[in-house]
K.L.:
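One structure is given below, represented as structure tokens, and several questions about it will come after.
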Amino acid sequence: MQEPDPRRDRAPDPEREGLLGRVSPRTGTEPLRARSPLRLRLLLGLLFTPLFIAGALLFWSWSAASGPQDVPTDASLRTVAVVFSLLALFSLVDLLIVQRRVRRARRRAAWEHRGGRGDT
């Protein structure tokens, strides 16, 4: 007879809960505090968000100024502008998520530095 897995009896970890609920069950082989490269994501977001916004503005204005016989066509320019706009939106949302996670990590570090568990 197989013994029950003690990892399955643990309370759910609120750090592993996503926007839509539990992301994935813990298998026990991954690190308890897996870390995302937040500073790199922040740097890339700060670099590429303005570029995506500038690209979207450039292609939107080029599309508005192009005529019916111009090459590239205004439809293809609008398509590229939509792609740049979506990339800018995605990058901006990612910046907000990274900022929230960095803030949460700083609060947790300050809390643990003070002694944690209310032992102030």
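Basis for what follows: all heavy atoms, side chains included, without hydrogens, waters or symmetry-related copies. Just so it is clear, the model here is predicted, and its values are computed rather than measured.
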K.L.:
Less than 4.5 Å apart, side chain to side chain, heavy atoms only: is that true for Leu43 and Arg39?
P.N.:
no
K.L.:
What distance do Arg103 atom CZ and Gln99 atom CD have between them, rounded to the nearest 0.5 Å?
P.N.:
5.0 Å
K.L.:
Tell me whether Leu86 is reachable from Ile53 by hopping between hydrophobic residues (I, L, V, M, F, W, Y) whose side-chain heavy atoms are closer than 4.5 Å.
P.N.:
no
K.L.:
When you measure from the side chain of Ser63 to the backbone of Phe59, do you find a donor-acceptor pair of N or O atoms at a distance under 3.5 Å?
P.N.:
no
K.L.:
Donor-acceptor pair, Ser91 side chain versus Leu87 backbone, under 3.5 Å?
P.N.:
no
K.L.:
Assigning hydrophobic clusters by single linkage (Ile, Leu, Val, Met, Phe, Trp, Tyr; side-chain heavy-atom cutoff under 4.5 Å), is Trp62 placed with Trp60?
P.N.:
no
K.L.:
If every non-hydrogen atom of Phe84 is compared with every non-hydrogen atom of Gly55, which pair is closest and at what distance?
P.N.:
CD2-CA, 3.8 Å
K.L.:
Check Leu42, Leu38, Leu44 against Leu40 for a side chain to side chain contact (heavy atoms under 4.5 Å, CB included) and give me the one that passes.
P.N.:
Leu44
K.L.:
Out of curiosity, does Phe52 fall in the hydrophobic cluster containing Val82 (side-chain heavy atoms, cut-off under 4.5 Å, transitive links)?
P.N.:
no
K.L.:
What pair of heavy atoms forms the shortest contact from Ser85 to Ala56, and how long is it?
P.N.:
OG-CB, 3.5 Å
K.L.:
Can you name the nearest heavy-atom pair linking Thr49 to Ala88, along with the distance?
P.N.:
CG2-O, 4.4 Å
K.L.:
Give a yes or no on whether Leu57 and Leu92 share a hydrophobic cluster (residues Ile, Leu, Val, Met, Phe, Trp, Tyr; joining criterion: side-chain heavy atoms under 4.5 Å apart).
P.N.:
no
K.L.:
In this structure, which one of Thr73, Asp74, Thr79 forms a side chain to side chain donor-acceptor pair (under 3.5 Å) with Ser76?
P.N.:
Thr73
K.L.:
Should Leu46 and Leu96 be counted in the same cluster of Ile, Leu, Val, Met, Phe, Trp and Tyr side chains packed under 4.5 Å apart?
P.N.:
no
